[in-house]
Amino acid sequence: MTMNLSTEVRMIKGVGPQRAELLAQRGIHTLEDLLGYLPFRYEDRIHFSRVKDIQPNGVYTIRARVMSGQAVRTMRGRDAIYHLLVQDEAGGLLPVKFFHGGYLEGRLKPGQLLILHGKAEIDKLRPARLEMINPQIEVLSNEELDSTEVGRIVPIYEAIGTFGSRQIRRAMYAAVQLIDQRMPDVLPEALRARLGFPTRGEALIHTHFPEPGESLDALNTFRSPAQQRLIFEEFFLYQLSLALDRKASRKENAIAFRLREDAIREALKRILPFKPTAAQKRVLAEIAADLEKPAPMNRLLQGDVGSGKTIIALQAAVIAIENGAQAALMAPTEILAVQHFLSARRILAKAGYRVEMLISGLKSAEKSAALDRIRSGEAQLVIGTHALIEDNVAFARLGFVAIDEQHRFGVLQRKRLMDKAAALGHAPHVLVLTATPIPRTLSLTLYGDLDVSVLDELPPGRTPIVTRMTTQQHLPGVWEFLRREVAAGHQAYVVYPVIEESKLELKAAMEEFERLSREVFPKLKLGLLHGRLSSDEKEEVMQRFRKNEAQILVATTVVEVGVDVPNATVMVIEHAERFGLSQLHQLRGRIGRGARKSHCILVAPFRMTDEARARLETMVRTSNGFEIAETDLLLRGPGEFFGTRQAGNLGFHIANPLRDKELLELARREAFALAADSAQQDAMQRLLRLLPSEWQRRYHLARIG
Ligand code: ADP
Ligand code: MG
């Protein structure tokens, strides 16, 4: 039978219908898709480490036989720890523990040959001994060791359901036999040759099964020539779609606002409730220069939590309104939208501007009245959530759009808000606000053509926040500290992780609230805020807290974004190990907003993963948002950093904008040069058909938008 790149995966040896089903759920349907599923690391299975040579905290690959194995139930009864003892060829004995290891019961048999990969740790009970905890293991079939298992540098894949790394490797081995080093390439040949990259076929083959002599270190840091070629390819195609985006949007018209009139300058000054920082002034000038042009502004405003982005968005809105246009501000949560609405009304209403709020929690009569005012143009600034991008929302003359906390919205949502103006025959000026500082390379990758303004200065009068880590055992002391702060007139947050808002987790937060109210702080007033409350209920809780009618706000992460109560000076985060770094930084940003010294207390168990510990230590060490964002990226990679929605939109398999900065810059230069070269339009059209579908969609949207 002949095979080609579009052959269905189930035809490939080692796949079959059931596994094809699993692969399909991951979007892998063809031989080519399968080849795009790349190893995330490699093991040297030519030179195994010997048990007697291992050192604490080193990471090793060991080949050894099972001596004994046994699952031991823990006290709670549900979990089991699986204790395994293995011996290598040189006779070295190594104890291994698997937490939550009950599933291994009966699956490992004495005499079986295993490959173990993991970190050697000191046995806490017997410090003279080393052990491995939860290493990755692979059972070798004793009899028929084939070349995909040992004797080479072996690729390790992330399992797909029950389709394990080892079985994927076997199928992949069959798959690479079917392709030719001369398979069609997506890079123009002249470009490939000039940059000295291997062909696409060579690169795929050697990324899955490295050539003899390739450096393990290079492979594990994604620096082998084969990997670099594939990384470049992803960046190149993506940047090409951005370059075409830019070409298309250059052709769109926006309303060129007049700014120089005294009336407008006066208006901008009049609304300011405080003296702007130098950074705020500079950024406003950058924005104003864009707004004067007939091409749409496309600007990212980056500023750490508390740096004062809101007022800038409001000033830009005033420029639009003074020019007879409407402005919209979209926020990711209702709490934040309400808060923006309250401060916008406070700041703008006294100057006579009409501010409207649109959230899904509005009663239907209120909502339709609001929609009418938006449609007629009576509403000058509209503040809301996703409700703003619903189909029934129409503007009379939308000229300026601000989107807060951009990384929580997908590219498509931003696009939909912009389309509200496109319906009127022009493009809006767009300002994207983000508190998650994004390294330049990454913002280039994500947003391509956004110009960037940075607020690198905090408003005066802030005192630094003291952050420390503690364990649950010390909670009584933490509560005592809270009592003292409250006695001094201040307020506090206590945050619990409710990640999925599942019933069980929510119950935990509610029970803690009850317990704190009854047993720990019987004399104080507490509020409880979580995502399952209705908008009215949430607003009521926030109102009480704002007015200091509740001194302690027990909350889930719904307080994470934007909430601004300057009298709050303590943030206690329970199970801090379960939060991501940028989440922790956002949470901490809720305090330190007044003149009083603020305290952030991270409560975590004694035992946690290295990564969790690294996160918490970063929090203790620094409150610099840039440093935190960089660390977060390094710890988690860009996909998770931006949350699944945004990462899904990006669709990189192997490229990592932070790690692969140089390749990104190179790809960007080459892609933009190609897009600008009119002699190359045919080649480009061919390339575009090869773009992954999510990139095609993006490109398509840009064209019709
Ligand atoms: P963020 O950048 O996190 O959105 P905000 O816009 O919410 O920050 O501002 C944080 C707080 O700082 C608000 O209470 C705001 O009123 C205040 N603020 C902003 N700019 C200044 C300034 N120049 N001087 C004094 N206070 C300011
Ligand atoms: Mg904000």
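Here, residue 1 is the first one in the sequence, and each next residue gets the next number. Whatever order the structure lists ligands and atoms in, that order sets their numbers, starting from 1.
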One finds that the ligand 1 atoms under 4.0 Å from a non-hydrogen atom of K275 are 22 (C), 23 (N), 24 (N)
For H585 and Q583, test the side chains for any donor-to-acceptor distance below 3.5 angstrom and give the result as yes or no. no
Query raised in the report: So is S307 in contact with ligand 1, going by heavy-atom distances below 4.0 Å?
Result: yes
Practice prompt. Please confirm whether the backbone N or O of A550 pairs with a side-chain atom of R544, one donor and one acceptor, at under 3.5 Å?
Written response: no
field: Short N-O contact, E611 and R615, less than 4.0 angstrom
entry: yes
Exercise. Do any N/O atoms on G306 end up under 3.5 angstrom from N/O atoms on ligand 1?
Worked result: yes
Do the numbers put R468 on top of the ring of F481, so that NZ or CZ is under 6.0 Å from the six-membered ring centre and no more than 45° off the axis? yes
Checklist entry - What about Y496 and F513, are their ring centers closer than 6.0 Å? => result no
Quick look: P276 vs ligand 1, heavy-atom contacts under 4.0 Å, and the answer is backbone
Counting from 1 in the order shown, the ligand 1 atoms closer than 4.0 Å to a non-hydrogen atom of T277 are 23 (N)
query: P460 to ligand 1: N or O pair under 3.5 Å?
result: no
query: Do K367 and E390 sit within salt-bridge range, that is, some charged N less than 4.0 Å from a carboxylate O?
result: yes
Check: of T310, L433, D304, min heavy-atom distance to atom 5 (P) of ligand 1 comes from T310
Closest to atom 20 (N) of ligand 1 (heavy atoms only, candidates E457, R593, Q280) is Q280
